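Here's the structure we're looking at; comments come further down.
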Amino acid sequence: MTLPILADSVRLDGDGVHILDRRVFPFEREWVLCRTSEEVAVAIEEMVTQSSGPYFAALGAMVLGAREASGLPGVEARAYLERVGERIIATRKTNNHLRKAVATVLSKVDESSGDLVEAASRGARAGDELYRSRSRALGEHTAALVPDKATVLTHCWADLYLVEFVLAARRHGKEFSFLCTETRPYLQGARLTAETLAEMGADTRLITDGMGAAVLSSGEVGALVTAADRVTMDGHVVNKIGTLGLAVAAEAFGVPFHAMVQAPDQAAPTGADVPIEYRDGDEVLSALGHRVAGERVRGHYPAFDVTPPRFVTTVVTDRGAFQPGRLREYYAEGEANQ
């Protein structure tokens, strides 16, 4: 089948990095053109793209940075590109995909003695291919855990992980139905997840964020499946705010929680080692551009929460499924994912 539009929502060409504006999707399909690496950084900060979108945008930003530095002497050009990478990484500090994207491009640059832009472009292509191949493996391993005809509860937007999960299930003759939380305040579940699943022909229903525990208690849900922005080596799952509450409810009602991540993060031994992004509280005071609270009310917005391993059934990686207490075995399988 044709992949849904959000599976290819960041595109690099000679003009710059084109990013599908997820803030207005699916009501409008607008592409934001970023002509400089700094414009990409601002687009990431302003939530033009989310989930894995910033990873692909970061790859493109590094190529733009190489173009910007191409007239500088070698050492200065490399230093400029490193500063671009630092700026990109700082845009969203909780998810370490940005760090991986930057490192992939810089490694290709450092391996090359030739043209800076060509080396950065090779790095961006390699990073793109690696992310997509790992997402396919992740989808296969997750689909194997969920029984045919199950109703799956999702939270936020799992991006390529979710797309590959559905595709893998169908390759194996399985079909799932989905309950999607709306995911305030940006409504990624309503606008991105539900729309993409519907685009793929999956049976899809939307619930408000406050309905999660009730549907988990109903006996209808076969699995809670989410992505993870980061998983620590001791099994803490860091994901979009609201995941913790769903995981606690899932454990209370005997529903397995499968968290998808390409690899556990060796730089984060425990949950305390992951910086949690706090966004402007004003963002929770509006929905789709309309104020939902009075002028005397202030907002509070931790963008992510941390689910302890006791509430996590399985951490699913590109190398298979692991119990949260056995994640070090991931790296026993081969070289560490960078």
Side-chain angles (χ1 to χ4, degrees), residues 22-27 47 50-51 94-95 146 150-159 161-162 165 176-198 202-229 236-260 271 276-313:
R22 298 188 185 194
R23 299 169 302 181
V24 298
F25 183 88
F27 314 112
M47 301 287 279
Q50 305 138 18
S51 190
T94 299
N95 189 318
V146 181
T151 295
V152 176
L153 176 63
T154 71
H155 183 59
C156 200
W157 168 228
D159 218 282
Y161 298 177
L162 180 67
F165 171 52
F176 306 136
S177 59
F178 290 87
L179 286 164
C180 306
T181 58
E182 62 184 355
T183 325
R184 285 274 291 130
Y186 272 93
L187 301 172
Q188 294 103 316
R191 297 184 301 99
L192 308 181
T193 307
E195 176 69 14
T196 294
L197 289 168
D203 178 63
T204 306
R205 289 173 289 164
L206 183 69
I207 62 173
T208 68
D209 288 353
M211 297 178 187
V215 299
L216 286 163
S217 73
S218 70
E220 177 184 2
V221 178
L224 169 64
V225 177
T226 75
D229 286 86
H236 285 79
V237 171
V238 184
N239 194 45
K240 175 67 179 180
I241 190 74
T243 305
L244 171 60
L246 293 173
V248 171
E251 197 274 340
F253 295 111
V255 177
F257 170 33
H258 306 305
M260 297 187 290
I276 299 301
E277 176 186 1
Y278 279 75
R279 295 186 64 83
D280 189 336
D282 285 351
E283 294 182 27
V284 307
L285 301 178
S286 299
L288 299 181
H290 298 282
R291 182 90 179 187
V292 297
E295 294 298 328
R296 292 175 292 185
V297 178
R298 294 182 294 120
H300 177 65
Y301 187 7
F304 302 88
D305 56 29
V306 183
T307 300
R310 67 181 181 275
F311 300 115
V312 182
T313 308

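As the structure is a computational prediction, the values presented were derived from the model and not from experiment. Just so it is clear, the values below take in all heavy atoms, side chains as well, and ignore hydrogens, waters and symmetry mates.
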query: Donor-acceptor pair, T193 side chain versus C156 backbone, under 3.5 Å?
result: yes
message: Quick one, V225 and F176 - any side-chain contact, counting heavy atoms below 4.5 Å?
response: no
- request: Look up atom OH in Y301 and atom CD1 in I241, then write down how far apart they are to the nearest 0.5 Å.
  value: 8.5 Å
field: Residue pair T183 / W157, side-chain heavy-atom distance below 4.5 Å
entry: no
- line: When every non-hydrogen atom of C180 is compared with those of L197, the smallest separation belongs to SG-CD1, 3.7 Å
query: Would you say the side-chain atoms of T226 pair up with the backbone N or O of H155, donor to acceptor, closer than 3.5 Å?
result: no
Over all atoms of both residues, closest heavy-atom pair of A249 and L216: CB-CD1, 3.7 Å
- line: The side chain to side chain contact (heavy atoms under 4.5 Å, CB included) partners of V215 (sequence neighbours excluded) come to L153, L179, I207, V221
pair V312-T307: side-chain heavy atoms closer than 4.5 Å: yes
- request: Check E283 against P185 and note the closest heavy-atom contact, atom names and distance.
  value: O-CB, 3.5 Å
query: With a 4.5 Å heavy-atom cut-off, do M211 and E182 have their side chains touching?
result: no
message: Would you compute the distance between atom NZ of K240 and atom OG of S51 and round it to the nearest 0.5 angstrom?
response: 11.0 Å
- prompt: Considering only heavy atoms from C-beta outward, does the side chain of T243 approach that of F257 to under 4.5 Å?
  reply: yes
field: Backbone of F304 reached by a side-chain donor or acceptor of D229 within 3.5 Å
entry: no
Test log, rule side-chain contact (heavy atoms from CB on, under 4.5 Å), inputs I276 and V238: CA-CA 9 Å; I276 299 301; V238 184; 4.0 Å; yes
- line: M47 and R23 have their tightest heavy-atom pair at O-CG, 3.1 Å
- request: Indicate yes or no for a side-chain donor-acceptor contact from D209 to the backbone of T181 under 3.5 Å, with no hydrogens or angles considered.
  value: no
- line: Closest non-hydrogen contact found for P308 with L244 is CD-CD1, 3.7 Å
task: Examine distances only and state if a side-chain atom of R191 and a backbone atom of Y186 form a donor-acceptor pair shorter than 3.5 Å.
output: yes
- request: Return the minimal non-hydrogen interatomic distance between S286 and R291, and the atom names on each side.
  value: OG-CA, 3.8 Å
task: Apply salt bridge (Lys or Arg N to Asp or Glu O under 4.0 Å) to R22 and list each qualifying residue two or more places apart in sequence or on a separate chain.
output: D159
